[in-house]
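One is the number of the first residue; the rest follow in order along the sequence. Order of appearance sets the numbers: ligands from 1, and atoms from 1 within every ligand. Because only heavy atoms are used, hydrogens play no part in the values below, and waters and symmetry mates are left out as well, while side chains stay in.
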Amino acid sequence: MDVQLLPSSLPAGDAQFLVSFLVDGSVAIDAGSLGLMADLERQRRVRHVFLTHEHIDHVATLPIFLENVYEPGPECVEILAAPEVLDFVHHDIFNGRVWPDFFELSAGDDRFVRGTPLTIGRTIERAGLAITPLAVSHGVDTLGYLVDDGRTAVAFPSDTGPTEDFWRHVAAAPRLAAVFLEVSFPDSLAELAAATGHHCPATFAAEIRKLDRPVRWIVVHRKPRYAAAIAAELATLRLPGVELVVPGTTYHF
Ligand SMILES: [Zn+2]
Ligand SMILES: [Zn+2]
């Protein structure tokens, strides 16, 4: 399985402002920077977009992406998300004011998009991948995803603070190779992290002990103004298997 966190800073660097993972080139998890890929052919190859939640860093370029890849005809991109998130996307973004109502415009044979509601714990197959939505613990209802291609599995817990069900499910998954886990705040802002459903290095360290097996822990979602402090605090902890994500790098698992 190939996984890339799409870059979201200009010129492309390690600062992460937005969230979009590309899996095997055809499945996206979140659409923060999806519509910014300069290579339009790469955008057109993405046919399924799984959303974790409606926060703007995760959906920011969804309208731009759908505009970029539209072609006349019945074939269109599929957005998969919790029913409430599909509703937010439709009525708060594609509402005819912020952006045209692509859902309404997709009623006939000419389609921009179709929405597929997900059920927590129910695995769905797309593009050769078995993808399981699982609840995590963020300020709003949020789904993490476990993605399995039959040879290897990778976990994407999205934005979350300390959580339980997700790890219980992931711990039972065979062939888990890596987890892309967030650390948003430094330890000095632990209270803010707890109040907003995010991790700081201390809670991250406690969290990875819930998965009693050796996997790659790839740190994502460092808020840019705290990125250096978070990196320094994580380095002090000397946690095994932990590395900082490099946006734009293709990870092969
Ligand atoms: Zn969020
Ligand atoms: Zn976020």
Can you tell me the angle formed at the Zn ion (ligand 1) by ND1 of His55 and OD2 of Asp159, to 10°?
160°
Return the name of the atom in Asp57, of element N, O or S, nearest to the Zn ion (ligand 2).
OD2
Is His53 close enough to the Zn ion (ligand 2) to have an N, O or S atom under 2.8 Å?
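Under 2.8 Å: His53 has no N, O or S contact with the Zn ion (ligand 2).
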Side-chain H-bond candidate by donor/acceptor type, His221 with Asp57, under 3.5 Å
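Result is yes, a qualifying pair exists.
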Identify, with sequence neighbours excluded, every residue that meets ring pair (Phe, Tyr, Trp, His ring centres under 6.0 Å) alongside Phe204.
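So Phe204 forms no ring pair (Phe, Tyr, Trp, His ring centres under 6.0 Å) with any residue.
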Whether His138 has an N, O or S atom under 2.8 Å from the Zn ion (ligand 1):
yes
May I ask you to say whether Glu78 pairs ionically with Arg126, meaning some side-chain N is under 4.0 Å from a carboxylate O?
yes
Please check if the number of heavy atoms outside Glu243 that lie under 6.0 Å from its CD is greater than 12.
yes
